[in-house]
Structure formats: C-alpha cells, structure tokens
Trainee: 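Before we start, here is the structure in question, set down as structure tokens.
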Amino acid sequence: VLTIWLMICCIGISAQTQDVTSMAALEESAKAGDVTAMYRLASYYYSYEDYKQAAMLFKKAGEKGLSSAKYMYGTMLLEGKGVKRNTGGALKWIEQAAKDGDSYAMLKMSEFYKDGLEGYHEVFVQKDPKLSKEWLDEAAKAGNLYAIKLKLRDCHNKSEKLPLWEKAAAAGDKEYLEELGKYYGDVNASYYNYEKARDYLTRAGDESALEVLNNKEKARLAKEAETEKQRLAKEKRDKELAALRSKAETGDVPAIMALADSLYKDKEYELAIALYKVAADKGNAKAMISLADCYYYGYGVPRDYDKAFKLFSQAKANGLANDAYVLFSLGYMYAYGQGTSIDLAKGRKYLNAAAAKGQSSARDTLNKLKEDEAQLRARQERAELRTRKPTNISVLGRTYVGSYNMDGMNIRQGCRFERNGSAVVTTEAYGHRRTDRTTWSQDGTKVYVKGQVLWLDKKGNLHMDSNLEVIFYRR
C-alpha cells in the first residue's frame, strides 16, 4: 500500500486542484491512447477509491507497455481492488513490470520471495531468501531509495551501512549526504569526525544542520576545557581530603566535621553519614542536625521521620536550644505530625520562636498552618482516638455512612453488615447510585471489607486507613 501511494504522489496530480477542463482534457488524451494520461487518470480514480475505473485504466496502460501501470494493476489483482482477486494473475503482471525495469515491482518481487506467495489452493512463489535479496539489490541498483532503506534496515553494523549511505551520497542524493553528515556529527559516538560531518553537510547544502554541528563542536570543546578544569579541581580536593582524613583519624572532631561536610556537599552521603555519627556520638550538636537532615530527606539512608525528630531533639538538648533551624524543624514536625504525634500548640511555639530569630521558612509555615489547621486538627483528633483503647464493639447488623472527596469528586458511601459475612455497599457520586454485595469479617477492632482494612474507635465509628481521612459514622 505504501509503494502504491508513493507512486501516486509522484504523478503530480491533485484532486483538490483538478478542474473540469483539465479532467476533460485528461480523459480525451486517455481515450486517444496516451498511456501517461491513462496512468494519471487511473491514479485520480484510485485516490477517490473508484477502484473499478482505476483498474481498467491501469490495465490498458500496462497492455501498452507502461511498466508502472503493470505494477499497479498487479497490486490491484493481488488485493482484489476493483477486480476479482487473482493471485496468479497478479504475480504475472508484477513480475513483468519488474523485468521491464519498474523498481517498485522489483521490491514487490523481493517481498514475494521473502515471505512466499500463496493462493487458496496453490503456492505461487516459494520462499527463497537468495532471490529475495537479488530482487532487492536490483531495485537498489535501479536507484530506488526505498530499496536502499530496506537494505539498510537489515544492516547491523557500521561496515554494512556506510557503503549504502556513501553509494547514495556519491550520486549527490541530499538525504544521504545529510545522513552521513549527521552520522559523523554524533558527538557522543566514538566515530565522531567534525571535518567529515562538515564536508557532507556542506555538500548537502543543509545550513541549519551545519549550524547545529558547529554549535555542538563549540560545546564539545568547551566541555573538554571544563572537564580538564574539574580534573584539576578534583586533584586539589583529593589532596585536601587526604589531609583531613589524616587529621580525622586522630579523633579531631572539627576535622571529622570538615571532612563529613565536604563529602555531604559532593553527595557522598553514606561516607558523610558515617562520619556525622562519629561526631554525634562525641556530642557534636551540628553533626546531629546534619544526620537529622539525612534521615528527613532520605539522603544516603531510607527516609525516617522518627529518627530525624529524635536527632533534632538531641541537638536542641545539646546546646542548640536557640538555633533557628532546629526550632523551625521541630515546629514543622510537631505541626504536621512527622516523627511525632501532631501537636499544633507545640508546633506554633517552636515556629514562632524560629520566626523571631529571622527564620523565613518558619513565617511561611505559620501562614500555611492557618489554611491547614482544620485538616490538621481532624488528623490530631483521629490520632488521639487511635491511641485510646477502643471498646469491643461488633459491627454486625449495623449500618455505617461516610462522605469524602476524591480527585474533585464528592462520594457518599454506606455499608450494612449482615449475617454470614455478607455486606451491602452503596456508593453515590455525580447523582448516580450503585449497590454492590461483598464479604466482610471482623478481628477485634479491625474490620475487613472488600480488601480494605478499617478500624473501630471507642465511639464505634469506622476509620479508613488512607490519606483521605475518611470516617464512617454508625447509624
């Protein structure tokens, strides 16, 4: 189908610009036996899916010796477009077109021998890789660029591809001159060659690609210079680190901290953490803060708010009770329940203290707390409920109802727990109501419904373990 449309596009006929006068003239020329007119008119009918008229005209032009028409008629016989499908007849027309020099027919013959050609009751062409390759080679020799591309598709290395590219480029083909220019212009490849790439792109007349190539070469040279600069800087840094290591091995805490900070800056977190732990064990509060940051953000260790909170608290107790960053960190973690239970009062206390010392992040967090307060208080209340031992309540025979918002959609759900482990779940959203029957079970304060774990508080309400903060109230 692709080759058919490639040929039609080459005709130069456009249905959108075809006027009555030119069509009439084309029809007259076709009736007079002009094979080119027949072919163009057939292509017009083909583009409008009038396959019957197209097939008739392609056949007439083919009978007059036009190889491209023979190929088109053969493909229509093969596909059964406008004519009765005739595999054997299609093979004869396409093979004759190939022998007459039509490169697309040669490609089709290559395809036949590659995949074989079968009819309903017989095999017309046996698979023959050798003949398939020979026909493809013939198409490429005939100057068919698509054949060259097909041959390139089967190439697996540079030595196979380059001769084909160069063959097309030697003939002045712009596409392959550009291809070679881009090939040698790949700055990340081992075969990058600026001079060759520039030569090919210059011959192709591709000013835009030349500009890109020149910019890449400038960037490559700049990168080389930067790499050398970094190498020298690393060499200097390695010497400095060696001196620090030597001093740190004696147990000198300032040297340990300097070495750890240097490694932290270079994102060598695991090594930095090991040194921070040594310094922290020696009572260094700044090492505690650095360790806390690593656990809070997950640098070099799994994120762990509990450990981060503990380390910030230790830093506060070891001489940094008035440190703005420590006060801010503890205030934020108290306010949002990170590593500790939510305590808005303590959170504000520490954040206000940090803000008074000029900590801008503390001021921003205090402002945000005003927006988040209702949600945080609800979370705090839930947390308090969970910390209390709930009463031993059974949900059997009870109905629970809850509402929540998910991705902007308001959802109301109810669940009735019946005997024999059967539960009826009703969901309402966007004015629609759906009822499902599922199973349930209870294990003390945990209730399992439809794969979801819920828990009972002391008031007998059900809570969903999710980020949605959903409570189902008992009716």
Trainee: Can I get a per-line list of side-chain donor-acceptor pairs under 3.5 Å for residues 359-367, giving both atom names and the distance, sequence neighbours left out?
Mentor:
| unit_1 | atom_1 | unit_2 | atom_2 | d |
| --- | --- | --- | --- | --- |
| Gln359 | OE1 | Ser361 | N | 3.4 |
| Thr365 | OG1 | Ser361 | O | 2.8 |
| Asn367 | ND2 | Arg363 | O | 3.3 |

Trainee: Between Tyr296 and Tyr332, is there a side-chain heavy-atom distance shorter than 4.5 Å?
Mentor: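 In contact.
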Trainee: Quick test of your reading: applying salt bridge (charged side-chain N to carboxylate O under 4.0 Å, His left out), list the pairs with at least one residue in residues 220-232, sequence neighbours left out, ordered by first then second residue.
Mentor: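 As it turns out, the salt bridge (charged side-chain N to carboxylate O under 4.0 Å, His left out) pairs with a partner in residues 220-232, which skip direct neighbours, are Glu217-Arg220, Arg220-Glu224, Glu228-Arg231, Arg231-Glu235.
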Trainee: Tell me, with the steps shown, if Asp293 and Tyr325 meet side-chain hydrogen bond (donor to acceptor under 3.5 Å, both in side chains).
Mentor: CA-CA 11 Å; Asp293 278 340; Tyr325 182 69; 2.6 Å; yes
Trainee: Would you mind checking if Asp137 and Lys133 are paired as a salt bridge, meaning a charged N to carboxylate O distance below 4.0 Å?
Mentor: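 Salt bridge flag = yes for Asp137 with Lys133.
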Trainee: Counting only heavy atoms from other residues, nucleotides and ligands, does the tally under 6.0 Å from NZ of Lys286 exceed 12?
Mentor: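 Counting neighbours around NZ of Lys286, 12 or fewer heavy atoms of other residues, nucleotides or ligands fall under 6.0 Å, so no.
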Trainee: For Lys196, give me all partners under side chain to side chain contact (heavy atoms under 4.5 Å, CB included), at least two apart in sequence or on another chain.
Mentor: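 Checked Lys196 against side chain to side chain contact (heavy atoms under 4.5 Å, CB included); matches are Tyr184, Asn193.
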Trainee: Counting distance only, does the side-chain N/O of Asp173 pair as donor-acceptor with the main-chain N or O of Ala169 below 3.5 Å?
Mentor: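 Not at all, since once roles are kept as given, no pair shorter than 3.5 Å links the two residues.
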Trainee: Mind checking what makes ring-ring contact (aromatic ring centres under 6.0 Å, His included) contact with Tyr191, not counting sequence neighbours?
Mentor: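 For Tyr191 the ring-ring contact (aromatic ring centres under 6.0 Å, His included) partners, ignoring immediate neighbours, are Tyr183.
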Trainee: Using modelled atom types and a 3.5 Å cut-off, is there a donor and acceptor pairing between side-chain atoms of Arg416 and backbone atoms of Thr399?
Mentor: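 Side chain of Arg416 to backbone of Thr399, a donor-acceptor pair under 3.5 Å: no, none is there.
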Trainee: Counting only N and O atoms by type, is there a donor-acceptor contact under 3.5 Å from the side chain of Asn157 to the main-chain atoms of Glu160?
Mentor: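 Present.
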Trainee: Check whether the ring centres of Tyr44 and Tyr48 lie less than 6.0 Å apart, and answer yes or no.
Mentor: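 That pair passes the under 6.0 Å test.
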Trainee: Looking at OG1 of Thr36 and CG of Leu41, how far apart are the two atoms once the value is rounded to the nearest 0.5 Å?
Mentor: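 One finds 12.5 Å between OG1 of Thr36 and CG of Leu41.
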Trainee: Rounded to the nearest 0.5 Å, what's the gap from OH on Tyr71 to OH on Tyr104? Could you check?
Mentor: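 Spacing of OH (Tyr71) from OH (Tyr104) equals 8.5 Å.
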Trainee: So, using salt bridge (Lys or Arg N to Asp or Glu O under 4.0 Å) as the criterion, who are the partners of Asp154 when residues are at least two apart?
Mentor: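 Counting only residues at least two positions away or on another chain, Asp154 forms no salt bridge (Lys or Arg N to Asp or Glu O under 4.0 Å).
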Trainee: Checking Phe309 against Tyr305 for the ring-ring contact (aromatic ring centres under 6.0 Å, His included) test, could you report, in this order, the C-alpha distance in whole Å, the side-chain angles of both residues, the deciding distance, and whether it holds?
Mentor: CA-CA 6 Å; Phe309 180 80; Tyr305 289 143; over 10 Å; no
Trainee: Test side chain to side chain contact (heavy atoms under 4.5 Å, CB included) on Leu462 and Trp455 and set out the steps.
Mentor: CA-CA 5 Å; Leu462 281 172; Trp455 55 273; over 6 Å; no
Trainee: Roughly how far apart are Leu136 CG and Lys141 NZ, rounded to 0.5 Å?
Mentor: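 So the CG of Leu136 and the NZ of Lys141 are separated by 11.0 Å.
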Trainee: Can a side-chain donor-acceptor contact be found between Asn144 and Ser103 if the only test is distance below 3.5 angstrom?
Mentor: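 Yes, Asn144 and Ser103 have a side-chain donor paired with an acceptor closer than 3.5 Å.
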Trainee: How close do Ala90 and Gly74 get, heavy atom to heavy atom, and via which atoms?
Mentor: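 Closest pair (atom of Ala90, atom of Gly74, distance): CB-O, 3.2 Å.
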Trainee: Can you give each donor-acceptor pair under 3.5 Å made by side-chain atoms of residues 260-267, sequence neighbours left out, with the distance rounded to 0.1 Å?
Mentor:
| unit_1 | atom_1 | unit_2 | atom_2 | d |
| --- | --- | --- | --- | --- |
| Asp261 | OD1 | Tyr276 | OH | 2.5 |
| Asp266 | OD2 | Arg237 | NE | 2.4 |
| Asp266 | OD2 | Arg237 | NH2 | 2.5 |

Trainee: Return each pair, listed once, that meets salt bridge (charged side-chain N to carboxylate O under 4.0 Å, His left out) where at least one residue sits in residues 51-63; pairs must be two or more places apart or across chains.
Mentor: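 Residue pairs passing salt bridge (charged side-chain N to carboxylate O under 4.0 Å, His left out), neighbours aside: none found.
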Trainee: Would you call Glu95 and Lys92 a salt bridge, using N to O less than 4.0 angstrom?
Mentor: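 Here Glu95 does not pair with Lys92 in a salt bridge, since their nearest N and O are not under 4.0 Å apart.
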Trainee: Taking atom types as modelled, is there a side-chain donor on Tyr176 or Glu166 under 3.5 Å from an acceptor on the other?
Mentor: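 Tyr176 vs Glu166: no donor-acceptor pair found between side chains.
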Trainee: Using ring-ring contact (aromatic ring centres under 6.0 Å, His included) as the criterion, list what pairs up with Tyr448, not counting sequence neighbours.
Mentor: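 Tyr448: no ring-ring contact (aromatic ring centres under 6.0 Å, His included) contacts found.
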Trainee: Does a donor on one side chain sit under 3.5 Å from an acceptor on the other, for Asp436 and Thr438?
Mentor: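 No, Thr438 and Asp436 have no side-chain donor paired with an acceptor closer than 3.5 Å.
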Trainee: Does a salt bridge link Lys149 with Glu175, judged by any charged N lying under 4.0 Å from a carboxylate O?
Mentor: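 So Lys149 pairs with Glu175 through a salt bridge.
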Trainee: Between Glu418 and Arg437 (salt bridge meaning N to carboxylate O under 4.0 Å), is one present in this structure?
Mentor: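 Salt bridge flag = yes for Arg437 with Glu418.
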Trainee: Could you walk me through whether Val125 and Val123 satisfy the side chain to side chain contact (heavy atoms under 4.5 Å, CB included) test, starting with their C-alpha distance in whole Å, then the side-chain angles of each, then the deciding distance to 0.1 Å, before giving a yes or no?
Mentor: CA-CA 6 Å; Val125 177; Val123 176; 5.8 Å; no
Trainee: Could you tell me whether the side chain of Tyr194 reaches within less than 4.5 Å of the side chain of Asn214, counting heavy atoms only?
Mentor: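 A side-chain contact exists here, since the closest heavy-atom pair is under 4.5 Å.
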Trainee: Return the set of residues passing side chain to side chain contact (heavy atoms under 4.5 Å, CB included) with Ser246 (not counting sequence neighbours), or none when no residue passes.
Mentor: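 If we apply the side chain to side chain contact (heavy atoms under 4.5 Å, CB included) test to Ser246, skipping adjacent residues, there are no hits.
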Trainee: Got a second to check how far Thr435's OG1 is from Glu428's CD, nearest 0.5 Å?
Mentor: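 Taking OG1 in Thr435 and CD in Glu428, the distance rounds to 8.5 Å.
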Trainee: Take Glu111 and Lys108 through the test salt bridge (Lys or Arg N to Asp or Glu O under 4.0 Å) and record every step on the way to the result.
Mentor: CA-CA 5 Å; Glu111 180 185 322; Lys108 199 67 178 177; 3.4 Å; yes
Trainee: According to ring-ring contact (aromatic ring centres under 6.0 Å, His included), who are the partners of Tyr299, at least two apart in sequence or on a separate chain?
Mentor: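 Checked Tyr299 against ring-ring contact (aromatic ring centres under 6.0 Å, His included); matches are Tyr269, Tyr297.
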Trainee: Hey, is CD on Gln126 packed in by over 12 heavy atoms from elsewhere, all under 6.0 Å?
Mentor: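 No.
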Trainee: How about CD on Glu270, more than 12 heavy atoms from neighbouring residues, nucleotides or ligands closer than 6.0 Å, or not?
Mentor: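 No, not enclosed.
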Trainee: Step through the shown structure and confirm whether more than 12 heavy atoms of other residues, nucleotides or ligands are within 6.0 Å of CD on Glu211.
Mentor: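 Incorrect, the count does not exceed 12.
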Trainee: For Glu122, enumerate each residue passing the salt bridge (Lys or Arg N to Asp or Glu O under 4.0 Å) test, keeping only those at least two apart in sequence or located in another chain.
Mentor: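 Residues passing salt bridge (Lys or Arg N to Asp or Glu O under 4.0 Å) with Glu122: none at all.
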Trainee: Would you indicate whether the side-chain heavy atoms of Arg303 and Tyr295 approach each other to under 4.5 Å?
Mentor: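 Not in contact.
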Trainee: Salt bridge (Lys or Arg N to Asp or Glu O under 4.0 Å) with Asp372: which residues, sequence neighbours excluded?
Mentor: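 Asp372 satisfies salt bridge (Lys or Arg N to Asp or Glu O under 4.0 Å) with Lys368 once adjacent residues are dropped.
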Trainee: Output, in order, the C-alpha distance, side-chain angles, deciding distance and verdict of salt bridge (Lys or Arg N to Asp or Glu O under 4.0 Å) for Asp100 and Lys70.
Mentor: CA-CA 9 Å; Asp100 289 348; Lys70 292 178 184 179; 2.5 Å; yes
Trainee: Would Lys277 and Leu291 count as a side chain to side chain contact (heavy atoms under 4.5 Å, CB included) if you check the C-alpha gap in whole Å, the side-chain angles of each, and the deciding distance to 0.1 Å?
Mentor: CA-CA 7 Å; Lys277 285 181 177 179; Leu291 269 177; 3.8 Å; yes
Trainee: Has the side chain of Ser132 got a donor or acceptor atom that lies under 3.5 Å from a matching backbone atom of Tyr113?
Mentor: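 Not a single qualifying donor-acceptor pair exists.
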Trainee: Let me confirm one number: the CD-OH distance from Gln53 to Tyr45, rounded to the nearest 0.5 Å.
Mentor: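 The distance works out to 5.0 Å.
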Trainee: Check whether any side-chain heavy atom of Gln452 lies under 4.5 Å from a side-chain heavy atom of Leu454, and answer yes or no.
Mentor: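 Yes, close enough: below the 4.5 Å cut-off.
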Trainee: Can you tell me how far NZ of Lys247 sits from CD1 of Ile256, rounded to the nearest 0.5 angstrom?
Mentor: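 The CD1 atom of Ile256 sits 11.5 Å away from the NZ atom of Lys247.
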Trainee: Checking Arg433 against Thr426 for the side chain to side chain contact (heavy atoms under 4.5 Å, CB included) test, could you report, in this order, the C-alpha distance in whole Å, the side-chain angles of both residues, the deciding distance, and whether it holds?
Mentor: CA-CA 7 Å; Arg433 182 172 181 171; Thr426 303; 3.1 Å; yes
